[in-house]
Amino acid sequence: MNNLTPLAQKFILHFGEMGSRWGINRTVGQIYALLYVSARPLNADEIAEHLAFSRSNVSMGLKELQSWRLVKLLHQPNDRREYFEPPKDVWDIFKALLEERRRREVEPTLSMLRESLLENPASDGDRYAQQRMREMYELIELSSSWFDDVQRLSPDTLASLMKMGSTVKKLLDVGDSVRGKLGFGRAAEAQAQSQADDADRGSGGGDHP
């Protein structure tokens, strides 16, 4: 690596190693890390020089990062070259990563599960498999809906929410307690459902002397 401080080199090398675990190759990881710690946008020639990569590898890496929406293209006055920089806000980077991973990994899984649940089970084994698939589908759908809500939050609100930690669970517990005292808790709901079922059975029994 050329003209980089030991601190920057350490960061860039680490991102290269971690990239393969996140589904991107080492070159792409190092390009992103260089742009992230750079005080100004860089063009492809500068990136190639800093990292000692070929120009073609840099071009391919930048296209991959653009597809992930992790870098944006800029133009400088009186300069025909293209410059690149990552989003300034780390929360925007975080949300872009999550959104792309959902698009590439979660949505295809949901599509497959929907198709599988529409099929007619041919055996008890298939019925059991579909039940397990339905449980997975419902969990992923719930998580996906939650993620949509998170995406609409401002960075400040999102940071505050994450800092709350276990406080969120305490608030939910308080809510359950209040609903229980008002007769709307889970136990009350279960009791109401049981009473409705009994009424239905009694009504059905009255139709047959």
Side-chain angles (χ1 to χ4, degrees), residues 1-111 139-165 167-168:
M1 293 185 181
N2 303 316
N3 303 319
L4 294 172
T5 66
L7 179 65
Q9 288 187 33
K10 180 180 180 180
F11 181 78
I12 292 166
L13 288 172
H14 176 75
F15 255 75
E17 293 295 328
M18 294 302 296
S20 59
R21 304 182 188 183
W22 297 337
I24 59 176
N25 65 43
R26 185 188 306 248
T27 299
V28 175
Q30 290 189 2
I31 291 172
Y32 177 76
L34 171 64
L35 291 171
Y36 185 82
V37 296
S38 176
R40 63 176 182 83
L42 300 176
N43 60 53
D45 291 329
E46 291 172 319
I47 295 170
E49 180 182 354
H50 279 306
L51 300 178
F53 290 161
S54 69
R55 184 66 166 70
S56 61
N57 280 344
V58 170
S59 295
M60 289 188 292
L62 288 170
K63 287 180 181 178
E64 177 72 9
L65 288 170
Q66 284 179 287
S67 74
W68 280 81
R69 294 183 295 127
L70 289 175
V71 298
K72 53 186 178 181
L73 186 152
L74 303 170
H75 289 95
Q76 305 284 10
N78 303 317
D79 191 338
R80 300 176 65 179
R81 294 174 296 181
E82 297 177 337
Y83 287 78
F84 300 87
E85 69 174 4
K88 295 295 186 184
D89 195 314
V90 292
W91 289 107
D92 289 337
I93 296 171
F94 174 69
K95 290 194 287 187
L97 274 171
L98 290 182
E99 175 60 32
E100 284 302 308
R101 291 200 74 100
R102 180 173 74 164
R103 183 176 67 84
R104 296 168 185 239
E105 301 169 16
V106 175
E107 290 181 0
T109 301
L110 281 174
S111 179
L139 175 61
I140 297 175
E141 269 282 273
L142 181 63
S143 301
S144 188
S145 297
W146 174 85
F147 177 74
D148 287 336
D149 293 337
V150 168
Q151 284 286 72
R152 289 189 283 269
L153 297 177
S154 68
D156 289 342
T157 302
L158 184 57
S160 298
L161 179 63
M162 296 184 75
K163 288 176 182 178
M164 289 177 70
T167 305
V168 174

(message) Any carboxylate oxygen within less than 4.0 angstrom of a Lys/Arg side-chain nitrogen, looking at Glu46 and Arg40?
(response) yes
Once rounded to the nearest 0.5 Å, what's the spacing between atom [atom1] of [X] and atom [atom2] of [Y]?
X: Glu82; Y: Leu73; atom1: CD; atom2: CG; answer: 4.5 Å
X: Ser144; Y: Leu139; atom1: OG; atom2: CG; answer: 11.0 Å
X: Ile12; Y: Leu4; atom1: CD1; atom2: CG; answer: 5.0 Å
X: Lys72; Y: Glu85; atom1: NZ; atom2: CD; answer: 5.0 Å
X: His75; Y: Arg80; atom1: NE2; atom2: CZ; answer: 10.0 Å
X: Glu105; Y: Leu110; atom1: CD; atom2: CG; answer: 12.0 Å

Going by atom type alone, with no hydrogens or angles, which donor-acceptor pairs under 3.5 Å involve a side-chain atom of residues 25-36 and a protein atom two or more places apart or on another chain?
| from | atom 1 | to | atom 2 | distance (Å) |
| --- | --- | --- | --- | --- |
| Asn25 | OD1 | Thr27 | N | 3.1 |
| Asn25 | OD1 | Val28 | N | 2.8 |
| Arg26 | NH1 | Glu17 | OE2 | 2.5 |

(request) Ignoring hydrogens and angles, tell me if any N or O in the side chain of Ser111 forms a donor-acceptor pair with the backbone of Glu107 under 3.5 Å. (result) no
(request) Mark yes or no for whether Glu100, through its side chain, and Trp68, through its backbone, hold a donor-acceptor pair below 3.5 Å. (result)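 Side chain of Glu100 to backbone of Trp68: no pair is present.
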(request) Locate the shortest heavy-atom distance separating Pro87 from Asp92; write the atom from each residue and the value. (result)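 Looks like CB-CB, 4.2 Å.
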(request) Could you tell me whether the side chains of Ser67 and Arg104 share a donor-acceptor contact shorter than 3.5 Å? (result) yes
Taking the side chain as every heavy atom from C-beta outward, state whether [X] and [Y] have any atom pair closer than 4.5 Å.
X: Pro41; Y: Gln76; result: yes
X: Leu74; Y: Phe84; result: no
X: Glu99; Y: Lys95; result: no

(request) Could you tell me how the ring of Trp91 sits relative to the ring of Phe94: parallel (under 30°), tilted (30 to 60°) or perpendicular (over 60°)? (result) perpendicular
Scan the side chains in residues 55-62 for donor-acceptor partners under 3.5 Å anywhere in the protein, sequence neighbours excluded, and list what turns up.
| from | atom 1 | to | atom 2 | distance (Å) |
| --- | --- | --- | --- | --- |
| Arg55 | NE | Asp45 | OD1 | 2.9 |
| Arg55 | NH1 | Ser59 | OG | 2.8 |
| Ser56 | OG | Ser54 | OG | 3.2 |
| Asn57 | ND2 | Ser54 | OG | 3.3 |
| Ser59 | OG | Arg55 | O | 3.1 |

